[in-house]
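Below is one structure, written out as structure tokens, with a few remarks after it.
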Amino acid sequence: MNIAAYLDDSQPIEKKVEDALNRMTLEEKIKMIHAQSKFSSPGVQRLGIPDVWMTDGPHGIRPEVLWDEWDQAGWTNDSCTAFPALTCLAATWNSDVSYLYGKSIGEEARYRNKAVLLGPGVNIYRTPLNGRNFEYMGEDPYLASKMVVPYIQGVQSNGVAACVKHYALNNQEVNRHTTNVIIDDRTLREIYLPAFNAAVTEGKAWAIMGSYNLYKNQHCCHNEYLLNNILKKEWGFDGVVVSDWGGTHNTKEAITNGLDMEFGSWTNGLSNGTSNAYDNYYMAFPYLKMIKSGEVGTKELDDKVRRVLRLIFRTSMNRNRPYGTLCSQEHSDAARKIGEEGIVLLKNSGNILPLNLSTNKKIAVIGENALKMMTVGGGSSSLKVKYEISPLDGIIKKIGDKAKVVYARGYVGDPGGEYNGVKSGQDLNDSRSEQELINEAVSVAKDAEYVIFVGGLNKSKNQDCEDSDRTSLELPYAQNKLIDALAKCNKNIIVVNISGNAIAMPWVDKVSSILQVWYLGTEAGNAIANVLTGAVNPSGKLPFTFPKSLEDVGAHKLGQYPGVKRENEDIYDQKYNEGIFVGYRWADKNKTKPQFAFGHGLSYTSFSMTGFSQSTKSMTSDDVITFTVDVKNIGKVSGAEVVQLYVSDEKSSLPRPIKELKGFKKVFLEPGESEKVTFTIGKKELSFYDDTKGQWIAEPGKFTALIGNSSDNIIGKINFELKR
């Protein structure tokens, strides 16, 4: 087969893979499975097989860096559209929006000629302190599973591989390279693996990235049980397993335990070494030397190279893939739509929102986050954007001709704005004292019609940031003190919280309204302003529970977080004592009332759910039951409601959660309009994993289907039975 034949789409990919493999030398094969630069691995120039170029995601396309450094390459055409963080995407509860997200970001990756997008992330929200939660899709495995599949399909429709990460059990950033997770098989299967399973078996992801942490005392980038036994054998994954950068630690384990492509920085990824040391990687010369000495054979190598070749033929050697677009108006519109649908209205006392702008009154905007750029920082998801609309600019643009908008800083958080050479261009230094800033804010707020406080977290260390966890559930930078002071001088306080994590809210009863707005990217300010003014009716729902305190979180209540250091070893054992009871499952089990429940989110209109019914009262394991409910917009404005179906097992041989999400649908309705929503439940939705038997079990017995619009607002219940 000649080079032209490799581009012949009538030829099966597997035939082209085998032909190319048979023509390659041993040295060429070795080169293909490890990096040659920070973000590329070599192809085979002699055979016309191109290099593999990767890029960080999952919220936008990372700017180009130097060949062997993390610093910027200095390009002037590598700005991107910043899409909202994946917590926001999960909060849309809308699979169509997830496809739009994947398709849009995939188009930007394709335009930049990337073969692999390093995202999305689907690690479960176990603790609100995890600095990287903002990159993931919440606490519920069912929700994450349903949202990740269309994202992958959207990305890969562009001939760009989605690389789903971080597989698996990467649920904290502190000690992330040295934490060994101890977890039972049931919890692993029911909580932490379903989204990865869906990504592979339903989304057909072409790549998976291993995680930094250990499991069963093996690093997850070369973990026999996770990669070989489950991912490749059980799930039939035919793509490539990519190491996280510096996540490889042992040549022999890398050879035998399922790693296909090794990436990193310096020699071992964790400490400085020889520049351009890629040939010294664990799967480079050390692997070649072991083959030539006869210590290992080439069976594993050929499998790795087949997977890399398959990736290349699916991406850069696929002549039918589209050309992509970068920073288009369509992508800006998509970013804004995703942001608007993901914003969650947590509280709205007295229906203070949407803002009444019929009179020419003063509106006070307070808080550093009203103007701080949030696309720079946070770790590998840091972006160089074409533009970013701040909340303050969005508010002024939307209502500046109807009201007088005045601004006060209120607090100083992180005045910096640089990550790996990308600079925000903002100078947020302020030498005033904490009290001086509060005094100014109070002065501005006293005679305002509305006070919009824009605060929360940022992407600095120990906040929402890779490689560090938060140190507390509390808001930083004395924001609680500031909100208290504002609430004493004005009754119309609207808190706009920007974060990728839950926060403590000791002032929750002192403010009128609360919006959870996430990191919204390029169109942040416009999306926020549209929701504040009612141009868009909020329809987001929380993808994770907002606890009142860390004591209300199983990972902390039962606690080994962040791990117990072994004697004389730099390893921290982290036992997941809470088991399957994560998030709302924990709150239900312990009858703990959260600050805001999983699935919670208000609207500017009202909805009714009536006529909850079932197709039959019993089923066998070969049957399904259909549940229907009539949803009606009984308010005065158009809006969307997320109908949520939970299932409860009344009696089982193993402990089960009080209820588990097993269906959801977002419906958009005009005033007075109604729609019949249908859900289908089968054996899969009724099953739990019995780790003593090593299989999924659906036990005959009585179940209850519960319908509602949040995990703590169940509107209807129906009993049904699973028969043998």
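Each residue takes its place number in the sequence, starting with 1.
Sorted by first and then second residue, the pairs that involve residues 550-565 and meet salt bridge (charged side-chain N to carboxylate O under 4.0 Å, His left out), not counting sequence neighbours, are E551-K557. For residues 579-591, the salt bridge (charged side-chain N to carboxylate O under 4.0 Å, His left out) pairs, not counting sequence neighbours, are D140-R585, R585-E660, D588-K659.
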Run the numbers on E173 and S468 for side chain to side chain contact (heavy atoms under 4.5 Å, CB included), then give the verdict.
CA-CA 5 Å; E173 287 298 289; S468 67; 5.6 Å; no
Evaluate the side chain to side chain contact (heavy atoms under 4.5 Å, CB included) criterion for residues C220 and L226: first the C-alpha distance (whole Å), next the side-chain angles of each, then the deciding distance (0.1 Å), finally the verdict.
CA-CA 7 Å; C220 292; L226 289 176; 3.7 Å; yes
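In K232, the NZ atom is crowded: over 12 heavy atoms of neighbouring residues, nucleotides or ligands sit closer than 6.0 Å.
There is no side-chain donor-acceptor pair under 3.5 Å between Y572 and Q172. For the residue pair D469/Y561, the side-chain donor-acceptor check at 3.5 Å is satisfied. A donor-acceptor pair shorter than 3.5 Å cannot be found between the side chains of Y584 and D712. Checking N537 against S603 by side-chain atom types alone, a donor-acceptor pair falls below 3.5 Å. Between the side chains of E699 and S652, not a single donor N or O lies within less than 3.5 Å of an accepting N or O. Checked by atom type, the side-chain pair D573/N180 shows a donor-acceptor distance below 3.5 Å. For the 3.5 Å distance criterion, the side chains of E578 and T187 fail to qualify, holding no donor opposite an acceptor.
Qualifying salt bridge (Lys or Arg N to Asp or Glu O under 4.0 Å) partners for E190, counting only residues two or more places apart in sequence or in other chains: R186. Take D690 and apply the salt bridge (Lys or Arg N to Asp or Glu O under 4.0 Å) test, not counting sequence neighbours, and it matches no residue. For the side-chain hydrogen bond (donor to acceptor under 3.5 Å, both in side chains) test, no residue two or more places apart in sequence or in another chain qualifies with E202. Considering only residues two or more places apart in sequence or on other chains, D185 meets the side-chain hydrogen bond (donor to acceptor under 3.5 Å, both in side chains) condition with Y225. Listed by chain and residue number, R176 satisfy the salt bridge (Lys or Arg N to Asp or Glu O under 4.0 Å) test with D467 (two or more places apart in sequence, or in another chain). By the side-chain hydrogen bond (donor to acceptor under 3.5 Å, both in side chains) test, S606 pairs with no residue at all, sequence neighbours left out. E234 is linked by a side chain to side chain contact (heavy atoms under 4.5 Å, CB included) to R189, I230, counting only residues two or more places apart in sequence or in another chain. Not a single side-chain hydrogen bond (donor to acceptor under 3.5 Å, both in side chains) links K347 to another residue, sequence neighbours left out. Residues passing the ring-ring contact (aromatic ring centres under 6.0 Å, His included) test with Y101, sequence neighbours excluded: F83, Y151.
Pairing each heavy atom of I681 with each of V647, the nearest pair is CD1-CG2, 4.2 Å.
No donor-acceptor pair under 3.5 Å is formed between the side chain of W93 and the backbone N or O of F664. With hydrogens and angles ignored, the 3.5 Å screen pairs no side-chain donor or acceptor of N133 with any backbone N or O of Y125. At least one donor-acceptor pair closer than 3.5 Å links the side chain of N171 to the backbone N or O of I124.
The existence of a salt bridge linking K541 and E641 is confirmed by a sub-4.0 Å separation between a basic side-chain nitrogen and an acidic carboxylate oxygen.
The ring of W586 has its center no closer than 6.0 angstrom to the ring center of Y576.
Considering N123, V181, L169 in turn, L169 is the only one that fulfils the side-chain contact (heavy atoms from CB on, under 4.5 Å) rule with Y192. A side-chain contact (heavy atoms from CB on, under 4.5 Å) with L457 holds for exactly one of N369, N462, N501, N497; it is N501.
Using the six-membered ring where Trp is involved, F546 and F596 have ring planes that are perpendicular, over 60° apart on the 30 and 60° scheme.
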Report, one line per pair, each donor and acceptor closer than 3.5 Å where one atom sits in a side chain of residues 716-724; sequence neighbours left out.
{"unit_1": "N719", "atom_1": "OD1", "unit_2": "T704", "atom_2": "OG1", "d": "3.0"}

